Amino acid sequence: MTLTIPGFDHLRLPGADGVELAAAVGGSGSPVVLLHGFPQTHLMWRHVAERLAGEHTVICPDLRGYGASDKPAATGPEVYAKRTMAADVVTLAAALGHERFALVGHDRGALVAFRAGLDHPETLTHLGILDIVPTLDMWNVLRGTSAAVGYHLFLMAQPPGLPETMIAGSADAFFGSFLDAWADDPAAMPEEVRAAYLRASAAAVTSIVADYRASADIDVMHDQADLDAGSQLAMPVTVVQQDWGAQLGYDAAGVWKAWASDLDHRLTRAGHFMAEEAPDEIADAIQSLLAR
């Protein structure tokens, strides 16, 4: 049985370059797009989406390479560049009639949202980011023994072949280890939801690795070019994250202030999967963002 967000329509919509994305769409009002993280699908937004749908049209796609969306072959680094994945989101929203919309992303989806904010400032009204720092900053702050927390970033950055083989050989153990280690409240992710994430991830090993590999290559180049050009996020930005800065020895709020002048930076006591562990808190943060 396919798990769904209750009351939402489930559609296939165009992305960039002929890719089709699966998306759950519900509610009415001003549009807000919610992008999921790793190793999840759009289902991670089920609680928050229902809370927002009373006042907003809520659009929850599976990113390219994840869930029920297309998984194109990584014939070059641009196929899973966050720039390309951001173009997917803009194209998908336009197909639904939304030339401007708010965008909120978690984890990998937050990296896509960040890139969309820089590449499409005329399209995004508001930007929400959950539990990341930008790709360029991420590589800069992961150093010494603290970098062990991000071992998967280094593994999936390796050339094609070995990472895919290693992960596919024990996919449930690999992806499940993150669901277990990053959750402060395991009860927030029921067994059937956890199983759905594991099934989706095991079926997408090659494309998930390609997504991560792009973040050690082309995504860094794009971020560096924007940093060198002095580019900033032009829209109101809300960032909600765990206190990773204190744990890893950097100023997380300071990192974000370098990119966003109109910034609301918040820390949460929830775990990494905060949209599932603390949906009221996250929905309230998004509503506050959209009111700015």
Side-chain angles (χ1 to χ4, degrees), residues 34-38 81-83 85-86 89 102-121 124 126-154 156-157 178 181-182 184 211-275 278 281-282 285-286 288-289 292:
L34 306 177
L35 303 180
H36 67 86
F38 162 92
K82 303 309 155 292
R83 173 160 288 163
M85 296 169 83
V89 177
L103 181 59
V104 181
H106 171 257
D107 190 80
R108 306 306 292 175
L111 296 176
V112 176
F114 171 73
R115 176 46 50 193
L118 291 171
D119 286 0
H120 304 278
L124 299 195
H126 302 80
L127 179 63
I129 299 289
L130 303 186
D131 220 28
I132 62 145
V133 291
T135 300
L136 180 64
D137 300 287
M138 174 190 71
W139 290 113
N140 288 336
V141 302
L142 284 178
R143 54 183 179 269
T145 56
S146 65
V149 71
Y151 81 93
H152 60 299
L153 303 171
F154 298 90
M156 290 191 274
F178 300 104
W182 293 348
D184 280 5
D211 165 36
Y212 273 84
R213 186 176 287 122
S215 287
D217 183 272
I218 194 168
D219 295 342
V220 174
M221 292 187 281
H222 290 159
D223 280 11
Q224 187 65 57
D226 279 308
L227 181 66
D228 292 344
S231 301
Q232 281 220 327
L233 298 164
M235 65 292 298
V237 177
T238 291
V239 175
V240 184
Q241 58 190 145
Q242 302 174 88
D243 199 2
W244 286 116
Q247 295 180 48
L248 298 180
Y250 69 96
D251 177 8
V255 167
W256 279 108
K257 286 176 184 175
W259 290 100
S261 58
D262 186 356
L263 174 68
D264 176 11
H265 185 271
R266 304 181 179 200
L267 297 178
T268 180
R269 294 184 178 180
H272 177 66
F273 302 114
M274 55 191 67
E281 178 184 353
I282 299 306
I286 295 172
S288 295
L289 167 66
R292 282 159 56 197

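These numbers were taken from a predicted model, which means no experiment stands behind them. Heads up: numbering here begins at 1 and tracks the sequence.
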Does some side-chain heavy atom of [Y] sit less than 4.5 Å from a side-chain heavy atom of [X]?
| X | Y | answer |
| --- | --- | --- |
| Leu35 | Val104 | no |
| Val89 | His120 | no |
| Leu136 | Leu227 | yes |
| Phe114 | Trp256 | yes |

[atom1]-[atom2] distance between [X] and [Y], expressed to the nearest 0.5 angstrom:
| X | Y | atom1 | atom2 | value |
| --- | --- | --- | --- | --- |
| Leu111 | Thr135 | CG | OG1 | 4.0 Å |
| Met156 | Arg213 | CE | CZ | 9.5 Å |
| Leu124 | Leu233 | CG | CG | 9.0 Å |
| Leu127 | Trp259 | CG | CH2 | 12.5 Å |

Quiz item: Given the rule in the side-chain contact (heavy atoms from CB on, under 4.5 Å) test, do Leu130 and Asp107 qualify, once you have shown the distances and angles that lead to the verdict?
Solution: CA-CA 6 Å; Leu130 303 186; Asp107 190 80; over 6 Å; no

Quick one: closest heavy-atom pair of [X] and [Y], and the distance?
| X | Y | answer |
| --- | --- | --- |
| Leu118 | Ser231 | CD2-CB, 4.3 Å |
| Val255 | Pro134 | CG1-CD, 4.1 Å |
| Ala110 | Gly105 | CB-O, 3.2 Å |
| Pro121 | Met235 | CA-CE, 3.9 Å |
| Ile129 | Ala113 | CD1-CB, 4.2 Å |

Quiz item: Mind checking what makes ring pair (Phe, Tyr, Trp, His ring centres under 6.0 Å) contact with Trp182, not counting sequence neighbours?
Solution: His152, Phe178, His272

Quiz item: In chain order, what residues pass the ring pair (Phe, Tyr, Trp, His ring centres under 6.0 Å) check against Tyr250, with sequence neighbours excluded?
Solution: none

Residues two or more places apart in sequence or in another chain: which of them pass side-chain contact (heavy atoms from CB on, under 4.5 Å) with [X]?
| X | value |
| --- | --- |
| Ala258 | none |
| Ala270 | Thr268, Met274, Glu277, Ala278 |
| Ala216 | Trp139, Ala157 |
| Ala102 | Val32, Thr125, His126, Leu290 |

Quiz item: Going by the angle between their ring planes, with limits at 30° and 60°, are His106 and Phe273 parallel, tilted or perpendicular?
Solution: tilted

Determine which pairs satisfy salt bridge (charged side-chain N to carboxylate O under 4.0 Å, His left out) with at least one residue from [range], sequence neighbours left out, and list them in order.
| range | result |
| --- | --- |
| residues 239-261 | none |
| residues 128-151 | none |
| residues 224-242 | Arg115-Asp226 |

Quiz item: Taking it one step at a time, do Asp211 and Arg108 satisfy side-chain contact (heavy atoms from CB on, under 4.5 Å)?
Solution: CA-CA 9 Å; Asp211 165 36; Arg108 306 306 292 175; 3.1 Å; yes

List the atom pairs, with distances to 0.1 Å, where a side-chain N or O of residues 260-267 and a protein N or O form a donor-acceptor pair under 3.5 Å, not counting sequence neighbours.
residue, atom, partner, partner atom, Å
Asp262, OD1, Arg292, NH2, 2.8
Asp264, OD2, Arg266, NE, 2.9
Asp264, OD2, Arg266, NH2, 3.1
His265, NE2, Gln241, OE1, 2.6

Quiz prompt | Which residues share a side chain to side chain donor-acceptor pair (under 3.5 Å) with Asp219, sequence neighbours left out | solution = Lys82, Ser215

Practice problem: Check the pair Val149, Leu142 against side-chain contact (heavy atoms from CB on, under 4.5 Å), reporting the backbone distance first and the verdict last. | Solution: CA-CA 9 Å; Val149 71; Leu142 284 178; 4.2 Å; yes

Exercise. Say whether, by atom type as modelled, one donor and one acceptor occur between the side chain of Arg83 and the main chain of Ile218 under 3.5 angstrom.
Key: no

